[in-house]
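Every chain is numbered from 1, with letters handed out A, B, ... down the list of sequences.
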There are 2 protein chains.
Amino acid sequence: MELDDTDRAILDILQSNARTPFSEIARRIDMSSATVHDRVGRLEDAGVIRGYHADVDPGAVGLGASAIVGLRIEQGQEREALDALREFEGVHEVHLTTGEWDVMLRVFAEDTDGLRELMFDHIAQLDGFARSQTMVILGTEYEAEGLPILDDDAE
Amino acid sequence: MELDDTDRAILDILQSNARTPFSEIARRIDMSSATVHDRVGRLEDAGVIRGYHADVDPGAVGLGASAIVGLRIEQGQEREALDALREFEGVHEVHLTTGEWDVMLRVFAEDTDGLRELMFDHIAQLDGFARSQTMVILGTEYEAEGLPILDDDAE
DNA sequence: AGTGAAAGGTTAGACCA
DNA sequence: TGGTCTAACCTTTCACT
């Protein structure tokens, strides 16, 4: 789908506050709210907008520990391992990567003990598990509210 | 802030769809929408809900490349480096970590050339930059819609 | 694609239990 | 806290451009 400046302006607003009323978006981009409604629907249908999510403070819901994990998986067992990984509570993101690790994860747990349990009792027991490295997150310095919306791509 | 089951149910719904009308949340958790309104306001004020963000497909906005980057920073220059990092367009997350790397980043760029530019022309030029490793993301296998809301913490 | 108008639904805030 | 009420506001649709 081709995006124009209006689409990008709408995306920018919805990335920073997904609950902004269409009527206010309309005011800000100087269009009618019927248009905003129409455009947002089109962006959703095209898969440009994949959803709207509340950003919850992990600490506030009892998730006091988080880590980035590199995993090495035995050749040929990637599929089973990946399918199993996503089922673990606490596994938040699963990425396939080049370089030292085949898979990188972002995981959350209640505390460091929960992290240990997830890593040793669950992930290290997977079929095809070769080795891993856990980088415990001591603090998150910065998190963008959304993707940078570049000035243009294929207009 | 202490969360009860009602709060957790609301968080769960808003994590999966942040634009769900309060009236529908009310129906689902069997309470009045005034109560939902009240609770959500309280969750926002307490910082449990930090915001609401549209989840935009990176590819659709011209961000065809992404990576996880480990950085080593010279002792004593962490502050300046961290402050500089967050200013780069494309730097999405900055985490302080234990282990092989001091800092881990999630970055986005238009393509691999944009990734190279960000890494070599900007990040590697920072004061205090010691070394880095870039794990290019070939694909994202899974991304949770929100944090796991555990059954209880400190009720 | 975009608009204005109107019906129907939602929210915010004051007030009561 | 939770609930009721209500005015203001928002969403959605539709005929028209």
Side-chain angles (χ1 to χ4, degrees), chain A residues 1-57 59-62 145-146 149-155, chain B residues 1-57 59-62 145-146 149-155:
Chain A
M1 181 187 180
E2 306 250 318
L3 305 180
D4 64 15
D5 289 341
T6 303
D7 293 320
R8 279 192 282 270
I10 292 172
L11 289 175
D12 208 42
I13 293 170
L14 288 176
Q15 280 198 139
S16 59
N17 180 7
R19 287 188 72 92
T20 311
F22 292 174
S23 59
E24 194 193 323
I25 299 174
R27 232 170 282 138
R28 288 206 232 161
I29 67 173
D30 205 43
M31 292 212 166
S32 75
S33 51
T35 301
V36 174
H37 179 255
D38 201 62
R39 293 257 189 171
V40 171
R42 223 134 17 84
L43 291 166
E44 289 171 351
D45 292 345
V48 177
I49 296 176
R50 299 190 290 201
Y52 305 95
H53 306 294
D55 171 18
V56 171
D57 178 12
V61 293
E145 291 197 331
I149 302 292
L150 307 173
D151 293 338
D152 72 319
D153 31 294
E155 248 182 79
Chain B
M1 182 187 181
E2 305 250 319
L3 305 180
D4 63 16
D5 289 340
T6 304
D7 293 320
R8 280 192 280 271
I10 293 171
L11 289 176
D12 209 41
I13 293 169
L14 289 176
Q15 280 198 140
S16 58
N17 180 5
R19 287 188 73 92
T20 311
F22 291 174
S23 59
E24 193 192 324
I25 299 174
R27 229 170 287 137
R28 286 206 234 163
I29 66 172
D30 204 42
M31 292 214 167
S32 75
S33 52
T35 301
V36 175
H37 178 254
D38 201 63
R39 294 256 187 171
V40 171
R42 223 135 16 83
L43 290 166
E44 289 171 352
D45 292 344
V48 178
I49 297 175
R50 298 189 290 203
Y52 305 94
H53 306 295
D55 171 17
V56 172
D57 177 13
V61 293
E145 291 197 332
I149 302 292
L150 307 172
D151 295 338
D152 72 318
D153 32 296
E155 248 182 75

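Along DNA chain C, the stretch of nucleotides lying under 4.0 Å from any heavy atom of chain A spans, 5' to 3', dA1(C) to dT11(C). Protein chain B touches strand DNA chain D; the 5'-most and 3'-most nucleotides with an atom under 4.0 angstrom of its non-hydrogen atoms are dT1(D) to dT11(D).
In this structure, the side-chain contact (heavy atoms from CB on, under 4.5 Å) partners of His53(A), at least two apart in sequence or on a different chain, are Asp55(B), Glu145(B). Applying the salt bridge (charged side-chain N to carboxylate O under 4.0 Å, His left out) test to Arg27(A) and every residue at least two apart in sequence or in another chain returns nothing.
For the atom pair CD1 (Ile13(A)) and CZ (Phe22(A)), the distance works out to 11.5 Å, reported to the nearest 0.5 Å. The distance from atom CG of Asp7(A) to atom CD1 of Ile29(A), rounded to the nearest 0.5 Å, is 8.5 Å.
Across every non-hydrogen atom of Ala54(A) and Ala18(B), the tightest pair is N-CB, 3.6 Å.
Stem analysis of DNA chain D (at least three stacked-register Watson-Crick or G-U pairs, each with both distances under 3.5 Å) gives C:1-17 with D:1-17.
Pairs passing the side-chain hydrogen bond (donor to acceptor under 3.5 Å, both in side chains) check and including a residue from residues 9-23 of chain B, sequence neighbours excluded, do not occur.
With contacts defined as side-chain heavy-atom distances shorter than 4.5 Å, the pair Leu43(A)/Met1(A) qualifies. Residues Ile49(A) and Leu11(A) form a side-chain contact, since some pair of their non-hydrogen atoms from C-beta on lies under 4.5 Å apart.
Under a 4.0 Å N-O distance rule, the pair Asp5(B)/Arg8(B) qualifies as a salt bridge.
Two residues, Arg19(A) and Ser32(A), neighbour DNA chain C, and the one matched to the more 5' nucleotide by heavy-atom proximity is Ser32(A). Heavy-atom nearest nucleotides on DNA chain C were determined for Met31(A) and for Phe22(B), and the one closer to the 5' end corresponds to Met31(A).
Across all strands shown, Ser23(A) has heavy atoms under 4.0 Å from sugar-phosphate atoms exclusively, and none from any base.
Screening Leu3(B), Ile25(B), Thr6(B) against Arg39(B) for a side-chain contact (heavy atoms from CB on, under 4.5 Å) leaves a single residue, Thr6(B).
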